[in-house]
Each structure stands twice: as structure tokens, then as C-alpha cells.
Number of protein chains: 2
Amino acid sequence: MAVTLKDVANLAGVSRSAVSRAYTDGASVSDKTRKKVEKAARELGYSPSLIARSLATNRTKLIGLIANNFQNPIFLEVFDLYTQALQKRGLRPLLVNLTHETDPEQSVQMLRQYNVDGVIVATSTLPPLFAKAFKDAHMPVVHAFGRAQSGSDVHVVGIDNQACGRMAAETLLRHGYRDIAFLGGPEFATSTQDRAIGFLEYLGEHGTVPSDIRYASAYGYQAGRDAMRDLLAEKRVEAVFCGDDLICMGAMDETRQSGLEVPGDIGFIGFNDMAMSQWSAYDLTTVRQPIRDIIKSSIELVVALVEEPERALEVRIFPCSVIERSTLKPLP
Amino acid sequence: MAVTLKDVANLAGVSRSAVSRAYTDGASVSDKTRKKVEKAARELGYSPSLIARSLATNRTKLIGLIANNFQNPIFLEVFDLYTQALQKRGLRPLLVNLTHETDPEQSVQMLRQYNVDGVIVATSTLPPLFAKAFKDAHMPVVHAFGRAQSGSDVHVVGIDNQACGRMAAETLLRHGYRDIAFLGGPEFATSTQDRAIGFLEYLGEHGTVPSDIRYASAYGYQAGRDAMRDLLAEKRVEAVFCGDDLICMGAMDETRQSGLEVPGDIGFIGFNDMAMSQWSAYDLTTVRQPIRDIIKSSIELVVALVEEPERALEVRIFPCSVIERSTLKPLP
DNA sequence: CAAAAATTTGCAACCGGTTGCAAAAATACT
DNA sequence: AGTATTTTTGCAACCGGTTGCAAATTTTTG
């Protein structure tokens, strides 16, 4: 039913190899033959089967894209950028949803079966078990938005979360806040841990200590609200550093619902600078993470790894910046 | 390097067919042989290549998932549900981003090359050219969230947008509004057109006409804001039916920025009931679209089509419902 | 113009599985 | 026991491409 290389070869009056070569660039074909093949292909409506090619070349042009947070809209931006960037290179994302997945082996198994050329893990926290499983399966893996784990053996493209924590602290102090709370993402997330470290460090260096340290149960809106409710019930602070914009929005909504004003009564600084952060309902001051750069770079890295699997372990860090909007009181 | 079926066959002391059969259920193998094969496979860490299998069986277990709106967070919910539901059936989504794509042929080409078993188009508007291109390529296609086009030849799973438009109108009238505006998505979107028809129809049946009809340039926040700004500059209405929650949020933010109150000065009713719609900053009254049902059903349909390509054209419609929250004034 | 060099071509084996068919083995029946 | 029936097995061809190698062709050179 489908038209194959052989059909084209017959119509063009050349060998099957000739047709194949006409479709692989860099191959040795005369112009004359190529023209004949192209003509025949057009007449028959031929398009080569990537499956068959994959079998022969052992390359699928498939990149596994692993994600475990489909609640945070920032991942939609991430998917958008990934799919587009991959498409431009003639690659395709094979989306894997780890949201309710617990068994690393099984996921690896799947990716292996599809013979993906490489894997990009786009999660803030890569369970160590997964990292190991991928490595063991001899798949090129890069962990985007990850942390440079000391003992780890997976390539990382991301940001320096400690430095970002410091930036947030610096911004809050500069705006004249003293009585500050830290409201992070889940405590087990390395990203959260690092941001906390940098944040505390900087405050410490300037003779302060956070009035409250607290963790949302997830990188999500409701988790942010819940944590903020608890915080408000216990004490009063001047400003809050939230480990994620979505958490921040939840916290702000909770704050406003309880009758307080932002930034009049409490100031907020978030993290990520997702598209929604500039909505006027929030207009968040936030630490901006350069996701375009991270995504571009992680694709380049995984592609390079496909060519050169034994490449030296690499960690690529991109700088963040503070975007000042209106959730902090004006500079003194 | 990779361990193949032949290796397993050798170790187990059986033929290659035996190994193959051990892995296809329903095949004729004795228990004894299967045990031997399983043991050998375990020892070698064998996992069969889907690529090779695909070549032989002409089935890839890949479903093309086409989307063209990565700006609207509702699609993150959609992706989440799709990836999970497909995974459960042992299928994988091959994500295609049409956002900046104009040439249907090229996209079809791609999906053909990967030999996807079927295609799910998850866009509110399927450009007719795409529909035709897929059909011509003899791919099972289901248009989720689509409209039952009269002359079309693609299966559809979605909602009755006209009925939904009527529901919105009914809700607004019931709440005592008279001076009502329609703020739809892009005018070319069939979903928008249908919602408008139903909306106008119902109002007409109750002796009213909208005070304003207007279309946002996209199903997005900023587009909603811009359209609302124009509306406010021109006239004053009591309530607005927005063609999408995201548009509605933009419109609400614009309204509030201009000093008006919701629902005090202007009431809003949205469309979709995305996760964010219940955030307290908006707490939208909205028409709920049953996306879980649509997604589940569209997968079932595409799977059925793979088995039976010449299946009669089908249109599956799920009912919507109005979720009342706080963006309309209380019932009189 | 012939010989040497460079380019193009086709053959045939291979990638890693599946499957129809006939032979072999196991089970049922008289 | 021997024969008929059912189940299991291996052979070999096939899925749709790629690629090393040697032969055929074209181009360059003296």
C-alpha cells in the first residue's frame, strides 16, 4: 500500500541504493540520477520511512522529553520552546509524563524500546534513581533545570540556584525589608534547598535571619496558598521570598483574601518569571530564569552527546536576573 | 552492542521465532519454551526493539498529538491527560507544535515519516487544509475539541458550542443582566463562531440583542485585555460573555485596572473552567468543558480507527455545564 | 588516444524483529 | 499398540531502508 524505495527505484530505472543515496546528503550520487529519483518520488508521492532508516542506522531522531510537573504553566512555555527547537533540527520529542510514575526502570525501559537518541529530563528535581537508571541504560541524558549534583554522573544545564537565592535576598534588603520569610517549594527539591542556602547566606552576611522558613508541598498554586495561610496564622512578616511564581501567586491570593494588601502590608518576590507573572492581577517582582537559553543549550548538549557519548561531564550554568515589578514597596 | 533477539535465542537454545513468540501474546508457545526465553532474556537484559517490530508489523504505537496553542494553560491540562491516558495503553504521544507552522504538507510529511498509527488534533480550530492533508495521507485522524464540520471528513470529539453559547446567555439573563457584550476568541475560529450563534440565538429568543459583539485576536490573556480596553473605551455594558477563561482573565484585569469592579460594575462569564479559573483573584463563573471525557473518548476513537480505518464517520459530543462562582452578581 | 584517477553505480548483506507454512512433537482417541 | 488430532517449533521470506565493496562509468592527465 505505501510506496517504498523499491517502487521509486523501479520507476526511475535505477538501483535501490541509488534512491537511498539520493536521500542521504553527503552520499555519492550524480546530479542526473538524483533528478531522476526526485522526479519518480514526486510522481509516486514517496516519503522515506524513518522507521526503516532507524533500524539500519540505529538513529531515531527521537528525543525523550521527561517531565513530572504538568500543573505549573511554566512547563507549557518549556514544552513550547522544546518542541519548536527540536523540530527545527529535525528532531521530535517523545513526551514522557512522570507525574504519577514511581518506577524508574519502567520509564527507562520504554525509552529504550523506542530507541530514543537521547533524553532530556526537564524536572526541577531528578530522582537520583532515575539519573542512575538512564546512565546505566547508556543513554545520552541531560538534566535541564537541574542541579550540579556532586556525586552525580549526568550532564546538567541550569542556573545557580544559590546565586539566585542571594539575588532575592539582596533585592529584599535593598528595598528596606528586614522581617523576611522564606517560602520555598517542596523541601526535598534540590532547587529549593539551594535557593534557601543562598538566601540564608546572604541574609546572614548582612546580619539578618529570616523570620520564618517554610516549604510548600509542591510547586503549585494551592500549595502556595496553604503554606501562606499557615504562615499568616502564626506570625506577621514584611516580605516573602517565594520559591516559584505559582507559589507566589497562591501566597498573594491568600494574603489578599485575608484582608492584607500587596505590597502595602506584605511584599513578595517570586521565582521564574513565567508569562503570567506580568498579569496586572499580580505584576510580580521576581527572579527571572533564562529558560530559552537553558532549553537551547540542553538540546545542543544532548545532540553533541549523541555524536560523542563519552564526552566529558558538563555543567552549564546561565545567569538569572531580577525583574522588578510591583509586589515590593518602592526603594527607600 | 545492544542485545538482540538472536542473542536470546542462542542462549535459550531455541529458534528466533520462539523468542519472538514468547513476546507476542496470543502466540503459540509452550510454557517450557517461554520460561527458557524469559530466563535468558533476564540474564542478558534484553528488551525488544520497537523499531524493528514496527517495521515488521507496520504499527508504531505512536500517536501524533497536534497542538497549536502553547500559550493557554488549559493545554497543559490537556497534555497531562493525554500523555497519561496514552501511556496507560502502551501508546506514546509524538508532540507536534503547529504554533508557527503554516504548511500542512510538511507536518503531514513528518507524521508519515514516523509512521504514527494515528493522529489526534487537539486544536480549537483545525485549518481545513490540515484536515484534508491528513485524510489524503490515509491516517486515522480524530479532531478533539473540534466542530462537526458539515462537509468535513474527519472524526470529531468535542462539545456542542452552540448549546454552550445558549447556556451562557441563559445564565446571564437569569442573573438579571440585559446589557450584555459578547467577547469571543478569534473570529475565524469555528468554536467562537458557534458559541456566538448559540448565544445570539438565545438572546434573540428572549427579546434581546447583545450591546456589543467583539473578537479577541487570539485565545490569550493579552488579546482579552486589548479587546476589553477597546470595548470599555466605546461603551458601557453590564456583563460580558468571554469565549475563553484566559480571555476573560485579561478582560477582568483590564476592567479592574480601569477602576471598575467585578462583579459590581461588570459581570463576567468565561469558558472552559481551567484550573486557574478558581483562583481567588478571579473565581470565574464559567462554562465547563469536560476535557477528561473528550480526551478519553478521542483516544478510544483513534485506537478504534487504527483497527478499522474505514469506520463510519463519527461525531461525539459531550455536554457542558455552568459553574457558578463569583463573577456575576447574585441571582435577583 | 590510451592510461590513470575520480566518481558513480549496483550487488548483496545487514539492521532486529514478525509470520505463513510445513515438519515435529505432544496429546487424544479407538 | 497404532492412528488421528492438536499444539509447538524452526525455516525462510519479509518489513523498508543503509552501506562496504568491487565493477562500471566518467573525467582528468600525459
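Each chain gets a letter, A, B and so on, in the order the sequences are listed, and its residues count up from 1.
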*Which nucleotide in the set dT9(D), dG17(D), dT9(C) lies at the smallest distance from any side-chain heavy atom of Val29(B)?*
dT9(D)
*Given that Thr57(B) and Thr33(B) both sit by DNA chain D, which one's nearest nucleotide is further toward the 5' end?*
Thr33(B)
*Considering just the side-chain nitrogens and oxygens of Tyr46(A), establish if one lies under 4.0 Å of OP1 or OP2 belonging to dG17(D).*
yes
*If you check the Ala56(A) side chain, which of dT8(C), dG17(D), dC11(C) turns out closest?*
dG17(D)
*Taking the side chain of Ser17(A) as its heavy atoms from C-beta onward, which of dG16(C), dT19(D), dT9(C) lies nearest to it?*
dT19(D)
*asked:* Quick one about Ser191(B) and Asn161(B) (side-chain donor to acceptor, distance below 3.5 Å, no hydrogens or angles considered), yes or no?
replied: no
*Between Ala52(B) and Ser28(B), which has a closest nucleotide on DNA chain D that is more 5'?*
Ser28(B)
*Just checking Ser20(B): base, sugar-phosphate only, or nothing, at a heavy-atom cut-off of under 4.0 Å?*
base
*Given atom CG of Asn58(A) and atom P of dC15(C), what is their separation to the nearest angstrom?*
11 Å
*For the pair made of CZ in Arg53(B) and P in dC15(C), what is the distance, rounded to whole Å?*
19 Å
*List the steps, then state whether ring pair (Phe, Tyr, Trp, His ring centres under 6.0 Å) holds for Tyr46(B) with Tyr23(B).*
CA-CA 11 Å; Tyr46(B) 169 73; Tyr23(B) 278 90; 5.5 Å; yes
_What is the separation between atom OH on Tyr114(A) and atom P on dG16(C), rounded to the nearest whole Å?_
19 Å
*Let me know the distance between NZ of Lys6(B) and P of dG16(C), rounded to the nearest Å.*
9 Å
*Atom-to-atom span, CD1 of Ile51(A) to P of dG17(D) - whole angstrom*: 11 Å
*asked:* Side chains of Asp80(A) and Asn97(B): any donor to acceptor distance under 3.5 Å?
replied: yes
*Arg21(A), nearest nucleotide to its side chain (from dG16(D), dC21(D), dG17(C))*: dC21(D)
*Taking a pair as Watson-Crick or G-U wobble with both distances under 3.5 Å, which nucleotide is matched to dC29(C)?*
dG2(D)
*Give every residue pair that meets the salt bridge (Lys or Arg N to Asp or Glu O under 4.0 Å) criterion with at least one member in residues 9-34 of chain B, sequence neighbours excluded.*
none
*With a 4.0 Å cut-off on heavy atoms, is Ser30(A) in touch with a base, just the backbone sugar-phosphate, or nothing at all?*
sugar-phosphate
*Specify the separation, in whole Å, of atom CG of Leu55(A) and atom C1' of dC15(C).*
4 Å
*Could you tell me if the ring centre of Phe70(B) sits under 6.0 Å from that of Phe79(B)?*
yes
*With a 3.5 Å cut-off and just heavy-atom distances, do the side chain of Ser15(A) and the base of dC11(C) make a donor-acceptor pair?*
no
*Toward the 5' end of DNA chain C, which comes first, Arg16(A) or Arg34(A), by nearest nucleotide?*
Arg34(A)
_Rounding to an integer number of Å, can you tell me how far Gln113(B) CD sits from dG16(D) P?_
15 Å
*asked:* What is the separation between atom CG on Asp7(B) and atom P on dG16(C), rounded to the nearest whole Å?
replied: 9 Å
